[in-house]
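The structure presented is a predicted model; accordingly, all values stated were derived computationally and were not measured. Here is the naming used below: chain letters follow the sequence lines, and residue numbers restart at 1 for every chain.
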Number of protein chains: 2
Amino acid sequence: MTDPQFKTWQSIQDEVLRRIHAREWPPGADIPNEADLAREFGCARATVNRALRALAEAGMIERRRKAGTRVALHPVSRATVDIPVIRQEVAALGKTYDYRRLSHAQAVPPTNVAQRLCPDAPCTALHVTALHLASGVPFVFEDRWINLDTAPAAATQDFVTTNANEWLLAHVPYTHGEIRLSAEAASEDEARVLRTDPGAPLFVMERLTWDHGRPVTLARLCYAPGHKIVTHLGTAP
Amino acid sequence: MTDPQFKTWQSIQDEVLRRIHAREWPPGADIPNEADLAREFGCARATVNRALRALAEAGMIERRRKAGTRVALHPVSRATVDIPVIRQEVAALGKTYDYRRLSHAQAVPPTNVAQRLCPDAPCTALHVTALHLASGVPFVFEDRWINLDTAPAAATQDFVTTNANEWLLAHVPYTHGEIRLSAEAASEDEARVLRTDPGAPLFVMERLTWDHGRPVTLARLCYAPGHKIVTHLGTAP
DNA sequence: CTCCTCAATATGTCTATACATAATAATTCT
DNA sequence: AGAATTATTATGTATAGACATATTGAGGAG
């Protein structure tokens, strides 16, 4: 049953997707193993592996050693979000970027922050608040805590001219992070800084980054009203 | 300079990341080609390719044929968001899922919808609004348009018992999509349906899916106040 | 000087083979 | 029977070699 029309891993990926959509392989079903598929498609196992691995990364199928490969029961679509540095985000809008530091102090983080920034022991932290502007208009209000145990070099910076995110990107590596997105009503302070009304719906992004299990920084970014984030599903943009 | 300590593509990825963080290869710099790196690390070129490809997918480096590989100038962090079917989202919260269709009609989409759902020609579309509930409490208000030229089978469905998203996932394949996230103030209608106050900050997700260049459906999902989306940066969750 | 063609080059992919690893199934021991 | 050990199996990964493909840059024609 060697079919010479499937030569590239992309074409194999397409054929597998077709069978899933056509319900030849319904959700939850096991699909043949790589060796059998390679024989059927008339290609090397590595090529089948490449195709199936890509589909697994996209969340369409689930793979486990020995257990085999099965079609995902609930096709979780996995979207990728590009999160640029704010300076770039502003530049992409064709506006001029400006940055203003509002406050800067070493302090003991409040419990809700400490819980995530230093869950194990009490830590010293740097608290920085700042405003990012797009052509003079408030764009993002940033409220950031930096764990000085993980990033001691940050203590030497006052972040008046250099924004904290860019400095950290350049000087403190991180291995992984977590981002929480939500909609929240503007507080009195946030409304004043962002020049909007208290209660206005704000897009809020909370970022917590880690370096090999050690928390680096927790940033809360409040976007001015009207901000949108665009992400993509599937392969092509 | 063959260094036998780099055997797996993961270890090579780590080493490349280390050099990027250590500024041995600063942002924007070209990095050696695969063949040279393979020689340096004492491994096969395919192994280096695997490592670099993963880094490129993560947005850390940029690769172009002939031009070579360079460290990304602006380290856009690329986060992956898992977007489950709402039924699963509710189930994951330990609540019981319920679905209620509110309206259903074939109609000519308003211009702002038509612009995205059928940019080329006027099209017939199906308009469905529905409410998703978690343990009886309004969870998501859905306002969806379905392009009947792309998905004619949808015209036979009334979506009273089957929710449109799940039916579409099961019957109409899509190749890619776009998701827009924003925070918006609840309108009168939205507030009434979601049992909240007009002006309350709502997390809004607009999804537009395509099948080979043909728009399938445009869905606007308004989450009840308090909803958060969590995403991950880097490899490990 | 500009446009075009062509060769050089780095990444992209495929193949065949081999071994590693995780997880299950079968078997043996207590 | 129940626990511990071993075998089996499908995926995960590494390798060397080959060819494909996109781009760039140089050289030549107009």
Spacing between [X] atom [atom1] and [N] atom [atom2], to the nearest angstrom:
| X | N | atom1 | atom2 | answer |
| --- | --- | --- | --- | --- |
| B:Glu57 | C:dT11 | CD | P | 16 Å |
| B:Arg70 | C:dT9 | CZ | P | 19 Å |
| A:Phe41 | C:dC14 | CZ | C1' | 16 Å |
| B:Asp30 | D:dT24 | CG | P | 12 Å |

Subject >> Set of side-chain hydrogen bond (donor to acceptor under 3.5 Å, both in side chains) partners for A:Thr47, sequence neighbours left out >> reply: none
Original post:
Would B:Lys228 and A:Glu206 pass as an ion pair if we require N to O under 4.0 Å?
Top reply: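 Not counted as a salt bridge, because no side-chain N and carboxylate O are separated by less than 4.0 Å.
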**OP:** List in chain and number order the residues that pass ring-ring contact (aromatic ring centres under 6.0 Å, His included) with B:Trp167, two or more places apart in sequence or in another chain; answer none if no residue qualifies.
**Re:**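 Partners of B:Trp167 under the ring-ring contact (aromatic ring centres under 6.0 Å, His included) test: B:Phe159, B:His171.
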**OP:** Mind jotting down which residue pairs meet the salt bridge (charged side-chain N to carboxylate O under 4.0 Å, His left out) criterion with at least one end in residues 62-81 of chain A? Sequence neighbours excluded, please.
**Re:** A:Asp30-A:Arg70, A:Glu34-A:Arg63, A:Arg78-B:Asp82
Original post:
For B:Arg180, which residues count as a salt bridge (charged side-chain N to carboxylate O under 4.0 Å, His left out) partner, sequence neighbours excluded?
Top reply: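 Per chain and number, B:Arg180 pairs via salt bridge (charged side-chain N to carboxylate O under 4.0 Å, His left out) with B:Glu178.
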**OP:** Could I get the full list of salt bridge (charged side-chain N to carboxylate O under 4.0 Å, His left out) partners for A:Arg87, not counting sequence neighbours?
**Re:**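 Partners of A:Arg87 under the salt bridge (charged side-chain N to carboxylate O under 4.0 Å, His left out) test: A:Glu166.
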Original post:
Tell me, for nucleotides 11-17 of chain D in 5' to 3' order, what letter each nucleotide earns: B for a base near a protein heavy atom under 4.0 Å, S for only sugar-phosphate near one, - for neither?
Top reply: BBBSBS-
